[in-house]
Amino acid sequence: MDRWKGRVALVTGASVGIGATIAKELVRYGMTVVGCARSLDKIQALAAECKSAGHSGVLIPMKCDLTNAEDIQSMFAAIKAQHKGVDVCINNAGLAHPESLLSGKTSAWKNMLDVRTHCGSEILMRHCFEAFRDNHNCVVLFSLQSISPGLVETEFAYRLHSKTPGKAKETYSQLKPLEAIDVANAVVYVLSAPPHVQIGEMLLRPVEQQA
Ligand SMILES: NC(=O)c1ccc[n+]([C@@H]2O[C@H](COP(=O)([O-])OP(=O)(O)OC[C@H]3O[C@@H](n4cnc5c(N)ncnc54)[C@H](OP(=O)(O)O)[C@@H]3O)[C@@H](O)[C@H]2O)c1
C-alpha cells in the first residue's frame with residue numbers, strides 16, 4: 001500500500017457501515033480520504049477517531065447527498081480546489097427501501113436508483129473521471145459492482161426494515177454474515193496489487209449464504 005500514501009481517495013457513504021470501515025482503513029494506510037454522505041456529524045466523529053488513533057493519513061468529511069447533482073458538483077469543486085483531484089474512487093453509498101418492483105412506490109425506487117445509478121454513478125463517475133489526477137494510475141471500485149459482497153452486517157438491513165427492526169435482526173442472525181472489515185480488506189487487496197495488475201471483479205460471500 002506504500003504507493004498510495006498521501007494520495008487521495010473519495011469514499012461515498014463514509015458515515016457508517018462498509019464505507020466508514022473502508023475510509024478508516026485507507027486513512028490507516030496513509031491516504032488522504034474524502035469521505036462523503038448526508039450525515040456529516042458521523043464522518044466528523046470518524047475523522048476525530050482516526051486522528052486520535054494516530055493514523056498517518058487523514059479523513060476529510062464532506063456533506064453530499066448523492067441524489068442531488070449540485071451537491072456532487074460542489075463536492076468535486078472542493079476536491080479539485082483542495083486536493084487537485086482524486087486517485088481512487090470507492091463509490092460505495094447505497095440503500096434499499098422495502099418496496100417491491102411491481103407494487104412499490106415509484107418515489108422509493110427513484111431514490112434507490114438516484115443514489116446507485118443516475119446521480120450516484122453516472123454524474124458522480126463523470127466528475128470522478130474528470131478529477132483523476134493521473135489517468136494511468138487510478139482505481140475505481142464498487143460502482144459497477146466491481147467488488148460484490150454477499151450479506152454484510154451493517155446498518156443496511158436496519159434502515160431497510162426501519163419499521164420492523166426484528167426483521168433486520170433476523171437477517172443477520174440466520175447465518176454468519178461478512179463484516180465490513182472483510183470488504184475493506186478486499187479493497188486493500190485490490191489497491192495492493194502491483195501497478196500492472198488489474199482486478200476486474202471480486203465476489204465475496206459468507207460461506208453459509210446460499211444465493
Ligand atoms: N450490507 C450488505 O449486506 C450489502 C451487500 C451487498 C452490497 N451492499 C452495498 O454496499 C454499500 C454500503 O452498504 P452498507 O451495508 O454499508 O449500508 P449502510 O450501513 O446502510 O450504509 C449506507 C451508506 O450510504 C450512504 N447513503 C445513503 N443514501 C445516500 C445519499 N442519498 N447520499 C449520500 N450517501 C448516502 C449512507 O450515509 P447517510 O445516510 O449518512 O447519507 C451510508 O453511509 C451499499 O451500496 C449497498 O448496496 C451491501
Side-chain angles (χ1 to χ4, degrees), residues 9-26 33-47 59 61-76 79 89-99 107-125 127-128 140-162 165 167-187 190 201-211:
L10 169 64
V11 179
T12 71
S15 56
V16 293
I18 297 170
T21 306
I22 293 172
K24 211 161 64 175
E25 278 302 283
L26 298 186
V33 178
V34 175
C36 78
R38 294 164 302 178
S39 319
L40 187 65
D41 53 335
K42 290 185 185 165
I43 317 176
Q44 285 169 334
L46 192 66
L59 175 59
M62 284 197 192
K63 188 176 171 71
C64 181
D65 182 343
L66 291 169
T67 62
N68 183 328
E70 281 171 16
D71 265 20
I72 299 175
Q73 204 159 6
S74 320
M75 177 174 73
F76 275 97
I79 291 174
C89 176
I90 315 279
N91 190 9
N92 153 81
L95 78 166
H97 293 291
E99 302 283 347
S107 57
W109 277 90
K110 184 177 179 318
N111 180 247
M112 283 188 275
L113 292 172
D114 269 353
V115 176
R116 288 306 296 163
T117 53
H118 174 53
C119 289
S121 272
E122 180 198 331
I123 298 179
L124 183 113
M125 294 320 290
H127 280 289
C128 213
V140 183
L141 283 178
F142 246 119
S143 58
L144 303 170
Q145 299 302 329
S146 36
I147 291 184
S148 171
L151 186 69
V152 190
E153 186 163 7
T154 62
E155 287 189 14
F156 193 89
Y158 290 97
R159 290 177 177 213
L160 171 62
H161 302 298
S162 58
K167 238 179 173 177
K169 212 169 174 192
E170 199 183 304
T171 307
Y172 296 130
S173 63
Q174 284 168 346
L175 53 88
K176 175 152 180 52
L178 298 174
E179 294 170 22
I181 189 67
D182 298 321
V183 186
N185 286 340
V187 170
V190 171
E201 279 183 42
M202 270 174 106
L203 268 176
L204 308 180
R205 290 282 179 275
V207 168
E208 295 170 289
Q209 189 171 344
Q210 296 297 315

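In listed order, ligands and their atoms are each counted from 1.
- Between V152 and P177 there is no side-chain heavy-atom pair separated by less than 4.5 Å.
- Using a 4.5 Å cut-off on side-chain heavy atoms (C-beta onward), Y172 and T154 make contact.
- Within the 4.5 Å cutoff, no side-chain heavy atoms of T21 are placed close to those of V183.
- Taking all heavy atoms of S148, A93, A157 into account, the minimum distance to atom 34 (N) of ligand 1 is reached by A93.
- For ligand 1, the atoms lying closer than 4.0 Å to a non-hydrogen atom of S15 are 36 (C), 37 (O), 38 (P), 40 (O), 42 (C), 43 (O).
- Of the candidates P177, A23, P149, P149 brings a heavy atom nearest to atom 6 (C) of ligand 1.
- Between Y172 and ligand 1, no pair of N/O atoms sits closer than 3.5 Å.
- Note: no N/O pair closer than 3.5 Å links G19 and ligand 1 by distance alone.
- Contact of the P206 side chain with the K176 side chain is not registered, since no non-hydrogen atoms from C-beta on lie closer than 4.5 Å.
- Contacts with ligand 1 closer than 4.0 Å are made by side-chain heavy atoms of V115 only, the backbone lying farther away.
- Looking at I18 next to ligand 1, an N or O pair under 3.5 Å apart turns up.
- With a 4.5 Å cut-off on side-chain heavy atoms, S107 and H97 do not count as touching.
- Within the 4.5 Å cutoff, side-chain heavy atoms of N91 are placed close to those of M125.
- The distance criterion of under 3.5 Å between nitrogen or oxygen atoms is met by L66 with respect to ligand 1.
- Without hydrogens or angle criteria, Q209 side chain to L151 main chain gives a donor-acceptor distance under 3.5 Å.
- For E155, heavy-atom contacts with ligand 1 shorter than 4.0 Å involve the backbone as well as the side chain.
- Listed by number with element, the atoms of ligand 1 under 4.0 angstrom from any heavy atom of L151 are 3 (O).
- When N91, N92, I90 are ranked by how near their heavy atoms come to atom 12 (C) of ligand 1, first place goes to N92.
- Taking 4.5 Å as the limit, some side-chain heavy atom of V187 sits within range of a side-chain heavy atom of I147.
- Counting heavy atoms closer than 4.0 Å to ligand 1, residue C64 contributes backbone atoms (N, CA, C, O) but none from C-beta onward.
- Checking only distances, G13 does come within under 3.5 Å of ligand 1, N or O to N or O.
- Each of the following atoms of ligand 1 lies closer than 4.0 Å to a heavy atom of D65: 30 (C), 31 (N), 32 (N).
- Ring orientation note: the planes of H127 and F76 are close to parallel, at an angle under 30° on the 30°/60° scale.
- Using a 4.0 angstrom heavy-atom cutoff, G150 counts as in contact with ligand 1.
- Counting heavy atoms from C-beta on, the side chains of E70 and D65 never come closer than 4.5 Å.
- Which parts of ligand 1 touch G94 is read off a 4.0 Å heavy-atom cut-off, strictly below it: atoms 22 (C), 24 (O), 27 (C), 44 (C), 45 (O).
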